[in-house]
Amino acid sequence: MPVKITLLGATGSIGTQTLEVIDRFPERFSVHALAAGNNIALLADQIRKYRPQRVCIGSADHIQMLRERVPEYRGEILHGDEGLVSLATDPEAGMLVVGLVGMVGLKPTLRALETGKKVLTANKETFVAGGHLVAPWLEMILPIDSEHSAIHQCLKNEKSSAVRTLYLTASGGPFRDYSATQMHSITVADALNHPNWVMGRKITIDSATLMNKGLEVIEAHWLFGADYGQIQVVTHPQSIIHSGVEFTDGSILIQMGAPDMRVPIQYALGYPERLDAEFPGSRLNMLDLSRLDFQPPDMEKFPCLQLAYEAGRMGSSATAVLNAADEVAVQLFLDERIRFTQIPTLLETALETHRKLGVNASPSLDDILELDTWARQYILEKMLTKA
């Protein structure tokens with residue numbers, strides 16, 4: 001019998017690519033439930049194709065619209081955060097894939113783990129805001145992000161005591177060669193033009209500020225039990241080496257591949273087996289490689305990365321604040337209400353204020369949700385004060 005899969009974030013970049021992989025293995029996987037935001041048109045197409053038993057959308061206001069698009073659908077339609085939790089904990093599905101972006105992914109992931117479900121996730125915020133909460137269930141989690149998938153593959157059968165350094169590679173985004181002056185004139189269109197990867201808008205902006213890499217540092221800390229001093233970011237423009245591990249004997253293992261998210265998704269779906277299939281353009285021919293470049297990231301030009309390290313060392317409440325503040329700041333930039341270089345300034349201010357109010361190393365889920373609300377309001381109030 002095929003493994004039944006619940007997919008949260010079905011209409012996003014990770015979700016659509018996950019469905020592409022599932023399509024290759026109909027004898028192994030079937031779609032049990034789909035959750036999306038409010039992209040009703042695409043979700044309707046997915047319902048017609050995969051015939052899920054249950055679906056969830058972002059708002060109750062769109063339920064009727066969805067039913068009008070697929071009047072033949074007789075399955076259950078849920079909405080909102082509670083709908084996500086219901087789908088995530090559905091005992092009929094043997095596997096949960098979380099392709100959600102933002103804090104919305106934390107609660108359903110945590111609840112699914114508490115029920116004993118295997119979780120494949122690309123939701124960084126689960127670890128950034130609630131890493132200490134999901135830590136007891138790490139054996140049930142497989143990362144989908146290419147960097148953490150690479151480290152997972154390099155660490156297979158290795159003892160944690162043998163690890164010296166985790167190397168997280170970063171493309172450097174579209175502005176790695178910009179001068180300080182050029183950084184002040186970056187437009188939204190500039191920042192959304194990533195040189196290597198196809199991602200959602202929020203993640204693409206985070207990649208441009210290197211906050212995405214900072215969030216991945218925090219994620220790696222929780223996923224692999226590494227101290228922040230053991231996690232090193234390396235700029236690698238070609239995006240061929242996805243990450244690597246240095247061991248205490250001096251040897252380094254790296255994982256290479258084309259910059260195609262379907263490869264780590266397929267690895268996670270099939271683990272511990274490697275599924276036998278490849279996508280057009282996903283096979284890397286080493287004979288075609290002319291050079292691989294590496295350099296340290298410029299922390300002064302991209303202060304978001306340094307802020308992520310600082311928040312991680314401060315504790316879990318600080319990383320929750322950083323994450324929420326970043327979500328709001330990125331949206332303000334996308335709405336053209338702030339400049340690109342104002343994003344880290346707002347984040348630093350939120351972190352410093354939180355430090356003065358008091359850091360909590362082990363906040364509860366309710367505490368995290370309160371911190372998330374506080375940080376969002378704080379950033380918006382800062383903007384109103386400046387207006």
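Applying the side-chain hydrogen bond (donor to acceptor under 3.5 Å, both in side chains) test to pairs two or more places apart or on separate chains, none has a residue in residues 294-313. Listed by first and then second residue, the side-chain hydrogen bond (donor to acceptor under 3.5 Å, both in side chains) pairs that reach into residues 356-366 are S364-D367, sequence neighbours excluded.
With hydrogens and angles disregarded, no donor-acceptor distance shorter than 3.5 Å links the side chain of E273 to the backbone of G270. The closest donor-acceptor contact from the side chain of T319 to the backbone of G312 lies at 3.5 Å or more, if one exists at all. Side-chain atoms of H236 come within 3.5 Å of backbone atoms of I240 as a donor-acceptor pair (strictly under, hydrogens ignored). A distance-only check finds a donor-acceptor pair linking the side chain of T16 to the backbone of G12 [under 3.5 Å].
Residues satisfying the side chain to side chain donor-acceptor pair (under 3.5 Å) test with T169, not counting sequence neighbours, are none. With sequence neighbours left out, E348 forms a salt bridge (charged side-chain N to carboxylate O under 4.0 Å, His left out) with no residue at all. Shown here are the salt bridge (charged side-chain N to carboxylate O under 4.0 Å, His left out) partners of D45, two or more places apart in sequence or in another chain: R48. With sequence neighbours excluded, no residue forms a side chain to side chain donor-acceptor pair (under 3.5 Å) with Q255. Under the rule for a salt bridge (charged side-chain N to carboxylate O under 4.0 Å, His left out), the partners of R291 that lie at least two apart in sequence or sit in another chain are D293. Qualifying side chain to side chain donor-acceptor pair (under 3.5 Å) partners for N123, counting only residues two or more places apart in sequence or in other chains: E125, T126. In this structure, the salt bridge (charged side-chain N to carboxylate O under 4.0 Å, His left out) partners of K107, at least two apart in sequence or on a different chain, are E82. Every side chain to side chain donor-acceptor pair (under 3.5 Å) that T165 has, sequence neighbours left out, goes to E246.
Smallest separation of non-hydrogen atoms from L96 and P108: CD2-O, 4.4 Å. Closest approach of F29 and I22 over heavy atoms only: CB-CG2, 4.1 Å. Heavy-atom minimum distance, M65 versus I40: SD-CG1, 4.1 Å. When all heavy atoms are compared, the tightest approach of A93 to K117 is O-NZ, 2.6 Å. Closest of all the heavy-atom pairs between P52 and L34 is CG-CD1, 4.0 Å. Between P2 and S30, the closest heavy-atom pair is CB-N, 4.0 Å.
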Quiz: residues 132-140 side-chain donor-acceptor pairs under 3.5 angstrom, not counting sequence neighbours:
unit_1 : atom_1 : unit_2 : atom_2 : d
H132   : ND1    : S316   : OG     : 3.1
H132   : NE2    : P363   : O      : 2.6

List the atom pairs, donor and acceptor, that lie under 3.5 Å between side-chain atoms in residues 214-226 and the rest of the protein, sequence neighbours left out.
unit_1 : atom_1 : unit_2 : atom_2 : d
E216   : OE1    : K213   : NZ     : 2.7
E216   : OE2    : N212   : ND2    : 3.4
H221   : ND1    : A226   : O      : 2.7

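Between K4 and D90 no salt bridge is recorded (no basic side-chain N to carboxylate O distance below 4.0 Å).
A continuous path of hydrophobic side-chain contacts links L346 to L334 [ILVMFWY only; heavy atoms under 4.5 Å]. Put simply, I141 and V104 are part of the same group of oily side chains (I, L, V, M, F, W, Y) that touch within less than 4.5 Å, one to the next.
Using a 3.5 Å distance cut-off with no hydrogens or angles, the side chains of Q342 and R337 do not pair a donor with an acceptor. Inspection of the Q17 and S13 side chains reveals an N or O donor paired with an N or O acceptor under 3.5 Å. Counting only N and O atoms by type, the side chains of Y378 and H354 include no donor and acceptor under 3.5 Å apart.
To the nearest 0.5 Å, atom OG1 of residue T345 and atom NZ of residue K382 are 11.5 Å apart. The structure places CG of L322 at 12.0 Å from CG of L371, a figure rounded to the nearest 0.5 Å.
Between Y267 and L120 there is no side-chain heavy-atom pair separated by less than 4.5 Å.
A 6.0 Å sphere centred on CG of D288 holds more than 12 heavy atoms belonging to other residues, nucleotides or ligands.
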